[in-house]
Amino acid sequence: MTTPQGGYPPQDAYAPNPAEPYNQAPYDATSPPGTAAGVVPAPGAGAGRKKRAYAGQAYDFGAGANSALGGQQQGGGAYEGGFTQQAHEAGYPQGGYQQSAAAPAQTPGIGQPPIAGVGGYQPPVPVYPGQQPGMNSMTQQFSQMDMSQKPVSAAPSSTGRPLALNQLYPIDLLNTPFNVAELDYPPPPAILPQNTSVTPSPNANCPPKYVRSTLNAVPTTHSLLKKSRLPLALVIQPYSSLHDAEDPVPIVPDQVISRCRRCRSYINPFVTFLDHGHRWRCNMCNLTNDVPQAFDWDAANQKGLDRWQRPDLNHAVVEFVAPQEYMVRPPQPLVYLFLIDVSYASVTSGLLATTARCIRESLDRIPNADRRTRLGFIAVDSSLHYFSIPRDETENVETSMLVVSDLDEPFLPTPGDLLVTMTECRENIEAFLDKLQEMFQNTQNGGSCMGSALRAGHKLIGPVGGKMTVITASLPNLGHGKLEMREDKKALGTGKESALLQTGNSFYKAFAVECSKQQISIDMFLFSSQYQDVASLSNLPRYTGGQTYFYPGWNAAREEDAMKFATEFSDYLSSEIGLEAVLRVRATTGLRMSTFYGNFFNRSSDLCAFPAFPRDQAYVVEVAIDESITKPVVCMQTAVLHTTCNGERRIRVMTLALPTTQTLADVYASADQAAITTYFSHKAVERTLGSGLEAARDALQAKLIEMLSTYRKELAGGNMGGGGLQFPANLRGLPVLFLGLMKNLGLRKSSQIPTDMRSAALCLLSTLPLPLLIQYVYPKMYSLHDMPDDAGVFDEQSGGIALPLPCNLSSERLAPYGLYLIDDGQTQFLWVGRDAVPQLVQDVFGVPDKTQLRVGKQTLPVLENDFNERVRAIIAKSRDHRSKGVGSIVVPHMYVVKEDGEPGLRLWAQTMLVEDRADQGVSLQQWMGMLREKVMQ
């Protein structure tokens, strides 16, 4: 291989030789960066590619053989055959998850849908953007299949014959490298017996984006679950977008809600009809119930209905319009009470002006379809400033400010005028917001009585309920909930650090519980450039269904800071929320919901209360097996009763059906590594707040060793010969994800992490939806300098921008001449290699030389060239959480980092490289070696 001037290897050298087998060595630093280690390049391959010369060096943006339609992409990962070839090399079966070859073939009944894993039907395997399975790979799949494999499962089916569940495919963790693309694979499918659902609908079972189980085959006994050392839990995210229109679910509008008389489960696709359809048997508790007379009647059109077309019998996820008996009181209006810091810190940082302008410009976005939405404002420094806003038709009356200095017993000076209907007072609200900055622009007041303001807000909106939105740049240092400057840099990284993560004043948890009972939710927007005690303040959202948003070192003078907050706060105000909400999970007899994790108040043993139900959080529910299960299928049904923003009472119901098994192999083969990581993320946060960081990290390590040891003892026959470490292919990413979790900002051992940063990270680890949590634990890294032609370009087939395939998070993947995007969903880094040529820097950043490139927080300039446009498109696409099937208001900051630039910024970016050794954390190679050593003891 020849190297042109400057040391840049020509891209032609990376074209794969079809005759050579793919044999990716895990950590081969001698391989060209951006390629899989051990890939043998084909001389002269890749002719005819579209290239651009960068100052005498051949920079290939990828095309021809390296396009995503075939061949290998730089960065390791795309092959002819798409998923299946990668999966095979990774230890997955050819063609994805399969039933075992010796299992008896079953065919769906007449009018029934094909059953996953039954009758030759294989669950769909994703083909990622720009990949297509080819005929050659399909032929290869069949030729390499081991048709002599015996079934590992003998779970009963509805016909009494054994039902083949997911096949167990052991792999060697040490000798088969981790492919980051596996984190985007779907979970092992829930393979149900035929005719399990009452209709042949393909939507009868709950999609994983709403409810995801850690085990997609449920052990029939507690002893088997305990033996497996795997958790049984649900990851629940009832909403996958900020607005209903972006992800609509079927509505049952007729208010005919059929529920089991005993367990109160809602009718769903897995019930059984008896007695000529007049009665139905509950799939949870087996009780027989009458079918309501109006069940088959269309009251709106006064005619009979086809029962089998009803949404609640065809869809696992539906929303019922609730009748009067589901309301304790008339539906409450949407209420926003803004508690705005007007102290010196807030005014001088530009927070007050930015907040006022953002609320004013977002008034049209605040949900107000029923014209009942109400707003109120309290300004906070060392006193409370109330604002009485008159109706628009009231002439010659301006908004008046009423100041209360009694912080111990804050009172409402004019209770009737402080919370106003937005529709009736719109013009005066706008005029008030225009003048708010002027009222306090010369303040020298550095006090903050935010605790007393919260008490006053509780009095103001308590009779109605609603949201208190706190925007503050100060540590509350007066009145109720007064906090002290607790941070001690000498304690960071020691056993004393854990005390700083506890609340500094019992007021916050007690007050939050009080608010929950009054249907008041609290969201915190925290901006202090100094210590703000996020650990204490985050208790308010934690128990009221809210969220903590943290903006360290924020200043409106930086355009990036101002734009980030304005965009996120506007999206926050426009989000649809559920009011007066409760969540309950019911399950088949023998199963019990034992522990709940997330931001809410546990009102009773199985009822979670949410004064406001957010769209951007997930919840974890641990499931206990109290009795032996005799059914071939168990069901778990999540119901969220809530009031919509426009005053309609609704129930969102999500029903998940899972097969049962008596075999440990089935349990392991059906385990979901992403859901398991999410469960242990919540457990780690709980352990951190209860016992400290060291105990949380130790518990994660011990749990992983326990799972590996159990697999070795029970399923690998104790055989780990050849220096390997065996585990199922579907759990191959688990050790890497656990390492990422232990190295996360919230949990890692370090004496350099400020307490507020760590506390904010713990909030994310216990609330983020599953796709964002996995990215936060193991960030995405994309190689941009050698991306294929279709990356960063609109793809008509998928309807979006195509991303390059992600790379493993290792510094060995960073070429010195390269350009990389590293994104953990909260922060983005654009990494510029030390040998990046001037033409690359010019095309992307618009500066002639890397020495002139400004590092730090910034936005890429818009330049008139194709490569700049594609890089900007990839950055925007990576930020777009909607494409990941989740709702989130977060717009990550982007930092430009030079490999030979500012050391602090470079070290921060390098903490994202989970597979490297950094600070006090081990490398992936050391981690895997230590795990094997512990397992073999």
Residues in side chain to side chain donor-acceptor pair (under 3.5 Å) with [X], at least two apart?
| X | answer |
| --- | --- |
| Glu560 | none |
| Tyr210 | Asp247 |
| Lys884 | Gln775, His881 |
| Arg882 | Asp880 |

Please, which pairs that meet salt bridge (Lys or Arg N to Asp or Glu O under 4.0 Å) have at least one residue in residues 460-470, sequence neighbours excluded? Lys467-Asp523
Heavy atoms, side chains only, cut-off 4.5 Å: are [X] and [Y] in contact?
| X | Y | result |
| --- | --- | --- |
| Tyr326 | Ile257 | yes |
| Val890 | Lys564 | yes |
| Val914 | Pro779 | yes |
| Leu483 | Tyr508 | yes |
| Trp554 | Thr354 | yes |
| Thr677 | Leu734 | yes |
| Leu579 | Gln519 | no |
| Leu658 | Met636 | yes |

side-chain contact (heavy atoms from CB on, under 4.5 Å) for Arg212 and Asp672? Distances and angles first, verdict last. CA-CA 8 Å; Arg212 200 156 165 167; Asp672 179 350; 2.5 Å; yes
Hey, does the side chain of [X] reach the backbone of [Y] with a donor-acceptor pair shorter than 3.5 angstrom?
| X | Y | answer |
| --- | --- | --- |
| Ser521 | Thr544 | yes |
| Ser346 | Ala473 | no |
| His642 | Phe610 | no |
| Ser536 | Gly504 | yes |
| Glu246 | Ser241 | no |
| Asp756 | Pro552 | no |
| Ser362 | Ile359 | no |
| Arg697 | Leu747 | yes |
| Gln532 | Thr472 | yes |

Name all residues meeting the ring-ring contact (aromatic ring centres under 6.0 Å, His included) criterion together with [X]; count only those two or more places apart in sequence or in a different chain, and write none if there are none.
| X | result |
| --- | --- |
| Phe320 | Tyr266 |
| His458 | Phe511 |
| Tyr572 | Phe525, Phe569 |

How many angstroms lie between CD1 in Ile251 and CG in Asp312, if you round to the nearest 0.5 Å? 11.5 Å
Let me confirm one number: the CG-CZ distance from Leu607 to Phe601, rounded to the nearest 0.5 Å. 10.5 Å
Only one of Lys517, Arg650, Arg329 clears salt bridge (charged side-chain N to carboxylate O under 4.0 Å, His left out) with Glu580; which? Arg329
Within the 3.5 Å criterion, strictly below it, is a donor on Ser670 or Asn216 matched to an acceptor on the partner's side chain? no
Among all residues two or more places apart in sequence or in another chain, which pass the side chain to side chain contact (heavy atoms under 4.5 Å, CB included) test with Ala761? Asn744, Leu745, Tyr776
Using atom types as modelled, flag every donor-acceptor pair under 3.5 Å from a side chain in residues 230-238 to any protein atom, sequence neighbours excluded.
from	atom 1	to	atom 2	distance (Å)
Gln237	NE2	Tyr239	O	2.8

Given the rule in the ring pair (Phe, Tyr, Trp, His ring centres under 6.0 Å) test, do Phe338 and Phe377 qualify, once you have shown the distances and angles that lead to the verdict? CA-CA 5 Å; Phe338 297 98; Phe377 302 87; 5.4 Å; yes
Let me have the donor-acceptor pairs involving side chains of residues 680-690, under 3.5 Å, with sequence neighbours excluded, atom names and distances please.
from	atom 1	to	atom 2	distance (Å)
Ser681	OG	Leu765	O	2.7
Lys683	NZ	Tyr597	OH	3.2
Thr688	OG1	Ala684	O	2.8

Working note: Cys206 + Thr655, criterion side-chain contact (heavy atoms from CB on, under 4.5 Å); need CA distance, chi angles, decisive distance, verdict. CA-CA 6 Å; Cys206 188; Thr655 307; 5.8 Å; no
For Asp824, the salt bridge (charged side-chain N to carboxylate O under 4.0 Å, His left out) test, sequence neighbours excluded, returns none
Which is it for Ile875 and Leu821 under the side-chain contact (heavy atoms from CB on, under 4.5 Å) test, yes or no, and what are the steps along the way? CA-CA 8 Å; Ile875 290 170; Leu821 175 66; 4.2 Å; yes
Check Asp606 with Arg586, please: is the shortest side-chain N to carboxylate O separation under 4.0 Å? no
Is it true that Asp184 and Lys780 have a side-chain N and a carboxylate O under 4.0 angstrom from each other? yes
Step by step, would you call Glu576 with Asn646 a side-chain contact (heavy atoms from CB on, under 4.5 Å)? CA-CA 9 Å; Glu576 295 176 24; Asn646 51 8; over 6 Å; no
